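Whatever order the structure lists them in is the order used to number ligands and atoms, beginning at 1. Treat the numbers as computed from the prediction; the structure is a model and nothing was measured.
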Amino acid sequence: MFSDVTIERIIHPEILSCSSATPLFQAVQRMVDAHYSSILVVDDGAAVGIWTEQDALALDFSDPTFFSTPISSVMSSPVKTIYHKISIGEATLHFREEGVRHFLVVDDEGAHKGIITQSDIVLNQGLEYFISMREVKAVLNKSHLCLSGQTPLHDAVKAMRNTPADALLVEGENGSYGILTERDVLRLIGSNRTSLPIGKLANFPLLSVSSKSSLFHARKVFTENRVRHLGVTGENGELIGLVTFSDILQNIEYDYVHSLQMALREREQSLAVSTQNLRLAEKVFETTFDGIMITGPRNVIESVNPAFTVITGFQARDVIGRTPTILASGRHDSEFYRAMWAEIGEKGYWQGEVWNRRKNGEIYPEWLAINVIRDSTGKVSNYVAIFSDITERKAAESHVRHLAHHDALTDLPNRILFVERLNHAIVHAHRVEQKVAVMFLDLDRFKRINDTLGHTMGDRLLQTVGQRLAACMREDDTVARMGGDEFTVLIENVTDPGSLPSLAQKIIAELSRPVVLDGHELVVTTSIGISIYPDDSDQSDALIKHADAAMYLAKEKGRNNFQFFTSEMNAHAFERMTMETWLRKALERQEFALHYQPQVDIGSHRIVGMEALLRWNQPDVGMIPPVQFIPVAEDTGLIVPIGEWVLLEACSQNKAWQDEGLPHLRVAVNMSGRQFRQKNLVEVISSILKKTGLEPECLELEITESIAMVNADETVTKLHALKAMGIRISMDDFGTGHSSLSYLKQFPIDTLKIDKSFVQDLTRDSTDNTIAAAIAAMARGLKMKIITEGVETEEQLTCLKGMQQGDVQGYYFSHPLPPGEFAALLRGGQPLGEMTPDAGKA
Ligand SMILES: Nc1nc2c(ncn2[C@@H]2O[C@H](COP(=O)(O)O[C@H]3[C@@H](O)[C@H](n4cnc5c(=O)[nH]c(N)nc54)O[C@@H]3COP(=O)(O)O)[C@@H](O)[C@H]2O)c(=O)[nH]1
């Protein structure tokens, strides 16, 4: 509604002026001739005052000589000025604030540009909005001056001045009306008619409009008739008042000014906001870490920000006026850019990853967003490209991806990546009708190395194995570490499965070469299982499982060899799973029992102790030997509750026999590795002894060398705690493991138990003879007792007697017996030496 047009567009450039000495009547004459409502009083080029037609009312018309006085005596001074560049709206407010009807318009230098009146402003502001909806009666001035036509002019002028009014109604003859305005008064100055009554000077007839007419209509009548006053008639055509052009202006002025102020305020606010936004945008442009490049509609670079230079190395002067192709890396083909621009054209924006080239030639990835900017007509004015260098992010992503798909220790692909590649290989092999082989490798007895030499050494060994394994394979093959000491190999494009055995042999040979770590020469062998797609399965997980099952068979067949998967192996795996399920229920279903094997004095053959041996009578399949279920119990952790049960049962049975009056003997209980590593082992045993009432001296714990060597320091502490309670400790299977003699010295061991493997060939094999004799000598040296297990024949016994071994145990004296039979043996009190049937033998 309100334009920003400046007042210089609507002012009257011609200024009517006179000097300050000009007689008033001359100045008035010039105003009347020129149809001007004001005259500027100028002396030496400077505006010293202004005189307007309104000022005429202030004159004394009763004294005609007064009109000869210089204009300087009646002019208004100083002259109010207004700047030529301000808007019409702002000028309106100035008129209101200053309370004047004329302003002298000046430029920057103060030169006079013209005169502007309040009417000029309002007439140029488009009043239709305000005046079309109102009627004349809304602005009607009912208290108008109305004088008789006989009234002298000077009285009439005085009345107009005092009211104040810029016009008055003059009663004519026959009830007619005329009008006398301040402009009419002006014209009379200096004339010889000022002595006439106003009936002779007024304009007849009075132009009128109905009070119901719109102000819009009234303005039309004003402008068409070039008058500024109209009579207003009532419903019956009677004159009810006067309306002036300024009445209309004044009436709408409030609304007009209010709206104008609102509009100006809004404009100021939005200007403030946009200025603020602009400042903010400039700040962002300058300080953001994102590169910004602004191009024109033809994609010519117009500006870039400092971050652009940091990222690309190009200064603004290098690129302004060029197109963004200066940054192209050559990594994207024309189709890429075509699709990008198509999307920008369609959606107005695009974002994605782009490879660009820095000034130094380096290619780097960036995340780029391009937005189209359009002008108010909808035409593209600019493209704004915002980008960030994502080199580091991509490197981090790739590192994370690598970590997620690789084993941290060996940096080989892990299970996830292996399965991914295997799936991919299966799909490919299916297409080209070829085979794929999966090898599953498990290091033989790796746990012992880990246990005896520590995890750091174990880890280093695994790294070496990984490297050697990878070196055996082609580049296309995948070598992965599945966890622990398990590795897998994926061999693609197998045209001849007959070549796999030699490859497996090559791996076995390569891995069994000694590894020297910190002066330790380690020899590690491996067992390999092989499965083939599509012969064994077309599913990746099944192929891995089958290779795993085949590997187990390789282990069972003596380790350090390979086996191909056969369907029977599935049954083996199934057995293991079934056993695991059964084992979980065995304790609560009370399927376990203990058998006792006597330990006898080598000289007297009298029973000096017994070993408690676990038996499992599974309801569906009958007796399951410990060698089958103990490893499963170990793997699953079930050995801990089962072992506790064994201890409790052995102690309470021994106590029961003692309470019955049978000799106080010691009972030896086998400890599994997992059970021994229990943190609260000492507390558990102590509470069992307390609960059963058995003297600690009547309990012997059998630990193996490998148990002892794991966390040797912790083992020493535990063993001392058990020893302090009075419990005896024996080292089982002695001679088969990796014992460290220096450690052995520190362990509070009571008895060394020579493994039965050394006894079997005792009579024939001179080496075993020597070993058994050496162990016996060492035990004596370490002040330990000795017991030899697995004595089956008289010859073996004779041989052992020749070495003066301590106690002996074996089928020669008795098989492990159920409690009832063992009690009978005790009650008999006879020396043993003849074969007795092992009623409960597994
Ligand atoms: N952690 C636990 N391990 C246990 C427990 N009970 C047994 N076991 C271990 O299981 C392995 C096999 O035990 P088993 O089948 O009971 O065999 C024992 C004897 O029957 C056998 N033996 C005894 N005399 C002879 C013999 O003259 N010849 C011969 N060939 N075998 C004989 O030896 C086994 C006892 O061995 P050891 O423990 O080394 O003294 C075995 O490793 C048991 O340790 C249990 O409760 N917990």
Relative to the heavy atoms of [X], which atoms of ligand 1 are at a distance of less than 4.0 Å?
X: Gly810; answer: 24 (N), 27 (O)
X: Gln597; answer: 23 (C), 24 (N)
X: Glu611; answer: 37 (P), 38 (O), 40 (O)
X: Glu792; answer: 26 (C), 27 (O), 28 (N), 29 (C), 30 (N)
X: Glu789; answer: 36 (O), 37 (P), 39 (O), 40 (O)

Would you kindly specify which portion of [X] sits under 4.0 Å from ligand 1, judged on non-hydrogen atoms: side chain, backbone, both or neither?
X: Lys756; answer: side chain
X: His595; answer: neither
X: Gln675; answer: neither
X: Ile642; answer: neither
X: Asp732; answer: side chain
X: Val646; answer: side chain

Looking at ligand 1, would [X] count as a contact under a 4.0 Å heavy-atom criterion?
X: Pro816; result: yes
X: Lys753; result: yes
X: Arg615; result: yes
X: Gly643; result: no

Item to check | Per atom 47 (N) of ligand 1, closest listed option by heavy atom (Ile707, Asn670, Thr793) | outcome: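 The option holding the nearest heavy atom is Asn670.
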
Checklist entry - Hey, looking at atom 18 (C) of ligand 1, which of Val627, Leu647, Leu613, Val808 has the closest heavy atom? => result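 Comparing heavy atoms across Val627, Leu647, Leu613, Val808, the nearest one to atom 18 (C) of ligand 1 lies in Leu613.
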
Quiz question: by atom type and distance under 3.5 Å, do the side chains of [X] and [Y] form a donor-acceptor pair?
X: Gln809; Y: Lys753; value: yes
X: Thr525; Y: Asp444; value: yes
X: Gln746; Y: Asp713; value: no
X: Gln539; Y: Asp541; value: no
X: Thr456; Y: Asp459; value: no
X: Ser672; Y: Glu634; value: yes

Next on the checklist: Is there a side-chain contact (heavy atoms from CB on, under 4.5 Å) between Met579 and Trp616? Walk through the geometry before answering.
Outcome noted: CA-CA 11 Å; Met579 187 183 297; Trp616 179 20; 3.8 Å; yes

Checklist entry - So do the side chains of Phe822 and Pro598 get within less than 4.5 Å of each other, counting heavy atoms only? => result yes

Checklist entry - So do Ile544 and Met482 actually touch side chain to side chain, heavy atoms under 4.5 Å? => result yes

Next on the checklist: Between Trp582 and Phe629 (judged by ring centroids, cut-off 6.0 Å), do the two rings come close enough to count as a pair?
Outcome noted: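 Between Phe629 and Trp582, which both carry aromatic rings, the centre distance is not below 6.0 Å.
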
Next on the checklist: Using a strict threshold of under 4.0 Å (side-chain N to carboxylate O), is an ion pair present between Asp659 and Lys655?
Outcome noted: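 Between Asp659 and Lys655 there is a salt bridge, with a charged N closer than 4.0 Å to a carboxylate O.
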
Checklist entry - When only distance counts, is Tyr811 in polar contact with ligand 1, meaning an N/O pair under 3.5 Å? => result yes

